[in-house]
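Everything below concerns the one structure shown next.
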Amino acid sequence: MKLLLLAMFWFQQGPGPAPAPPPPPTQPVPYSHKVHAGDLKLPCKTCHTNPAPGEVMGLPEVTTCMGCHTAVKTDSPHIQKLAGFAKNQRPVPWVRVYQIPSFVFFSHKAHAEAGATCETCHGPVKEREVIRLESNITMGGCMKCHEQHNASNDCSYCHTPK
Ligand code: HEC
Ligand code: HEC
Ligand code: HEC
Ligand code: HEC
Ligand code: HEC
């Protein structure tokens, strides 16, 4: 019954146009994917390890950064700020860009196994100085791709944990 009411709510609203993407957030340290994943060719998994069971990609520990930055660019105020987080054993408070509510189930591993690449959903990250929302990860956006790939669009598929 509750689901039926939810369904009625959804069909009344319709997916509608994707909301205008918000501007990229200001991050605590101006980290650049273009420099690290592009120019320096660091693989994504150096920093995004996708630990089992594979739902999240995760963000790197500051120790990963300090592997290089105890020696590289130590005169930069940005690197000094980074070193401060490491010294105090505090995580860097990165501002999330792609985030869906906790009542939605999403697995990176399942989508990688279905053949989607990072670029499919996150755009050409290696060319980006800053990360911003580049694809539609609203319910309408998810459903559109599921429809195109004959994946289920049953409410329970995305709203019940596996
Ligand atoms: C494999 C080594 C390596 C790792 C790991 C690494 N960096 Fe870097 N980073 C570099 C190099 C090399 C540069 C300098 C590029 C240049 O300007 O020539 C750089 C530049 C930077 C700069 C620009 C500094 C400035 O003021 O010019 C920031 C900020 C930065 N890195 C942050 C990070 C963060 C945050 C992490 C961890 C998420 C990280 N780096 C991990 C090698 C690394
Ligand atoms: C040296 C470490 C490092 C490497 C290599 C790296 N990233 Fe990241 N990534 C980060 C850090 C730090 C953040 C958080 C700051 C930001 O959003 O720019 C981040 C954020 C992201 C985000 C946004 C997450 C969110 O929701 O806020 C995406 C998407 C992403 N990375 C994709 C990639 C892809 C794809 C690759 C490989 C092409 C890659 N990253 C390589 C360190 C790295
Ligand atoms: C089918 C679309 C899709 C693909 C493919 C995809 N992502 Fe994501 N990514 C998302 C969504 C949706 C979120 C938000 C997840 C959440 O909030 O639970 C996200 C979140 C992230 C985050 C933030 C941290 C986290 O784990 O939530 C990072 C980092 C990231 N993705 C990196 C990557 C990398 C690297 C790849 C390729 C190996 C990749 N993504 C492939 C859709 C995708
Ligand atoms: C690039 C196209 C694409 C996008 C975008 C996409 N999906 Fe999927 N998704 C698929 C495909 C294809 C499968 C089917 C995998 C299979 O049949 O094994 C799938 C499977 C799933 C599964 C089942 C995974 C499992 O563990 O069995 C869930 C849940 C899911 N998607 C949720 C989402 C959500 C939530 C979003 C939006 C945030 C999303 N998807 C965006 C293509 C996509
Ligand atoms: C392919 C994955 C997927 C499927 C299938 C799906 N949803 Fe969702 N749903 C999402 C995502 C992602 C969000 C959060 C983003 C948003 O609000 O658009 C969401 C949000 C919602 C919300 C909250 C809306 C709001 O404005 O906060 C409701 C209610 C909902 N879904 C009901 C349903 C019902 C009913 C069905 C079946 C007709 C369904 N969903 C099928 C992915 C899915």
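Note: hydrogens, waters and symmetry copies are ignored here, and every other heavy atom, side chains too, is used. Predicted, not measured: the structure shown is a model, and the values here were computed from it. For reference, positions follow the sequence shown, starting with 1.
Between the side chain of N50 and the main chain of V56, a donor-acceptor pair closer than 3.5 Å is present. Judged by distance alone, the side chain of K81 and the main-chain N or O of V29 form no donor-acceptor pair under 3.5 Å. Put simply, the side chain of H33 never gets that close to the backbone of K126: no donor and acceptor are under 3.5 Å apart. A donor-acceptor pair under 3.5 Å is formed between the side chain of H48 and the backbone N or O of G58.
Inter-residue side-chain proximity for V95 and T26 is flagged as unmet; no heavy-atom pair is nearer than 4.5 Å. With contacts defined as side-chain heavy-atom distances shorter than 4.5 Å, the pair Q80/T74 does not qualify. For the pair E134 and R128, the minimum side-chain heavy-atom distance is below 4.5 Å. Using a 4.5 Å heavy-atom cutoff, the side chains of F85 and M66 are not in contact. Residues H69 and H78 have side chains not in contact (no heavy-atom distance under 4.5 Å, counting atoms from C-beta outward).
Within a 6.0 Å radius of CD in E119, more than 12 heavy atoms belonging to other residues, nucleotides or ligands are found. Environment of CD in Q148: crowded, with over 12 heavy atoms of neighbouring residues, nucleotides or ligands closer than 6.0 Å.
With rounding to the nearest 0.5 Å, the separation of CE in M57 from NZ in K109 is 12.5 Å. A distance of 10.5 Å separates OG1 in T138 from NZ in K144, rounded to the nearest 0.5 Å. Taking NE2 of H36 as the start and SG of C65 as the end, the distance is 7.5 Å to the nearest 0.5 Å. To the nearest 0.5 angstrom, N153 atom CG is 6.5 Å from H146 atom NE2. To the nearest 0.5 Å, the span separating CD on E61 from SG on C47 amounts to 11.0 Å. Put simply, OG on S152 and CD on E147 are 12.0 Å apart, with the number rounded to the nearest 0.5 Å.
Under the 4.5 Å side-chain heavy-atom criterion for grouping Ile, Leu, Val, Met, Phe, Trp and Tyr, Y157 is not connected to M139 through any hydrophobic cluster. Cluster membership check: F103 shares its hydrophobic cluster with F106, using side-chain heavy-atom separations under 4.5 Å among Ile, Leu, Val, Met, Phe, Trp and Tyr. Hydrophobic clustering (side-chain heavy atoms under 4.5 Å, transitive across Ile, Leu, Val, Met, Phe, Trp, Tyr) keeps I79 apart from V72. Grouping the Ile, Leu, Val, Met, Phe, Trp and Tyr side chains by contacts below 4.5 angstrom, directly or via other members, places L59 with V92.
Aromatic ring pairs are classed by plane angle as parallel below 30°, tilted from 30° to 60° and perpendicular above 60°; the pair Y31 and W94 is perpendicular.
Contact record, C44 with C118: SG-SG, 4.4 Å, taken as the closest heavy-atom pair. When all heavy atoms are compared, the tightest approach of F105 to T160 is CB-O, 4.1 Å. Of all non-hydrogen atoms in T46 and T64, the two that sit nearest each other are O-CG2, 3.9 Å. A pairwise comparison of heavy atoms in S135 and C121 identifies OG-O, 2.6 Å as the closest pair.
In summary, of the residues considered (I131, V130, V97), a side-chain contact (heavy atoms from CB on, under 4.5 Å) with P24 occurs for V130 alone.
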